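Just so it is clear, the structure is predicted and the values come from calculations on it, not from any experiment.
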Amino acid sequence: MIYKFVIGFALSFLLATNISSNLPELGLNLFSSLNNVYPTGLQGALLLLLRVSVGILFLLHGYPKITHLQQWADSLKMPIFLCFLSAASMLGGGVCLILGFLTLLASLPILGSMVFAMVLEIAQGLPFVARDPYLIPEEQYQGPLGKGEPPSWEKAFMYCVMLIAIAVLGPGAYSLDALIFGR
């Protein structure tokens, strides 16, 4: 299982850093994003909305995982330290995304976790988009709270797309990165 995590992390890093052949020069801006321009106006506001929304979602996903770490590790049949790293990246990365602080460094570990989640879900044979839960017979899908959303890897994929967009486009002008690294 550890090799799947390493492969997932390596793929996410390659996807996030090799988007173009014109990588930025290595410097302080690389901490912020792959793009050293900090858009203002509507573009900056939309990047703020995307960044804060994704950050809040990862806080909401990371908190229950870190508070029930052993149960989560057991359900995934993964070493607890890998689950801790994933949950900690969701919590810490979520806070950094909300603030727009070290955005690229916050995005990459979460992206690695989401790529790994996709790999696990694909390996389990889960579909990209689940069937409509209301078309599934009662006895085939019933969670502890009744009908729920059948498992799929659609959500992990969408998180990957959002995190890649944040990593490549940057945090925008309304961020600590722009304040610290902006020109």
Side-chain heavy atoms nearer than 4.5 Å, only ILVMFWY residues, links allowed to pass through others: does that put [X] and [Y] together?
X	Y	value
L46	L169	no
I56	I66	yes
F58	L49	no
M118	V161	yes

Check [X] against [Y] and note the closest heavy-atom contact, atom names and distance.
X	Y	value
A178	A173	CB-O, 3.4 Å
A156	A117	CB-CB, 4.3 Å
T67	P64	OG1-O, 3.1 Å
M78	C83	CB-SG, 3.9 Å
P171	L47	O-CB, 3.8 Å

Set of residues satisfying ring pair (Phe, Tyr, Trp, His ring centres under 6.0 Å) with respect to [X], sequence neighbours excluded:
X	result
Y174	none
W72	none
F84	none

Please tell me if the side chains of [X] and [Y] come closer than 4.5 Å, counting only heavy atoms from C-beta onward.
X	Y	answer
L111	C160	yes
I98	R51	no
S175	L179	no
I164	Y159	no
I110	L97	yes
K155	H61	yes
Q71	K65	no
E121	F128	no

Value rounded to 0.5 Å, distance of [atom1] in [X] from [atom2] in [Y]:
X	Y	atom1	atom2	value
L104	C96	CG	SG	11.5 Å
M162	L57	CE	CG	6.5 Å
L60	L91	CG	CG	10.0 Å

*List the steps and the verdict of side-chain contact (heavy atoms from CB on, under 4.5 Å) for F81 and L69.*
CA-CA 9 Å; F81 74 93; L69 198 56; over 6 Å; no
*How are the rings of W153 and F157 set relative to one another: parallel (under 30°), tilted (30 to 60°) or perpendicular (over 60°)?*
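Rings of W153 and F157: perpendicular, as their planes differ by over 60°.
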*Does any N or O in the side chain of S86 come within less than 3.5 Å of the main-chain N or O of L82, such that one atom is a donor and the other an acceptor?*
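Not a single qualifying donor-acceptor pair exists.
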*Determine yes or no for a side-chain-to-main-chain donor-acceptor pair under 3.5 angstrom, with D177 supplying the side chain and L102 the backbone.*
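The answer is yes, because a donor-acceptor pair under 3.5 Å joins these two groups.
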_Under the criterion side-chain contact (heavy atoms from CB on, under 4.5 Å), I'd like the reasoning laid out for M158 against M114: C-alpha separation, chi angles, the key distance, then a yes or no._
CA-CA 9 Å; M158 288 308 303; M114 291 298 98; over 6 Å; no
*Would you indicate whether Y63, at its atom OH, is surrounded by more than 12 heavy atoms from other residues, nucleotides or ligands within a distance under 6.0 Å?*
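Check fails, neighbour count at 12 or below.
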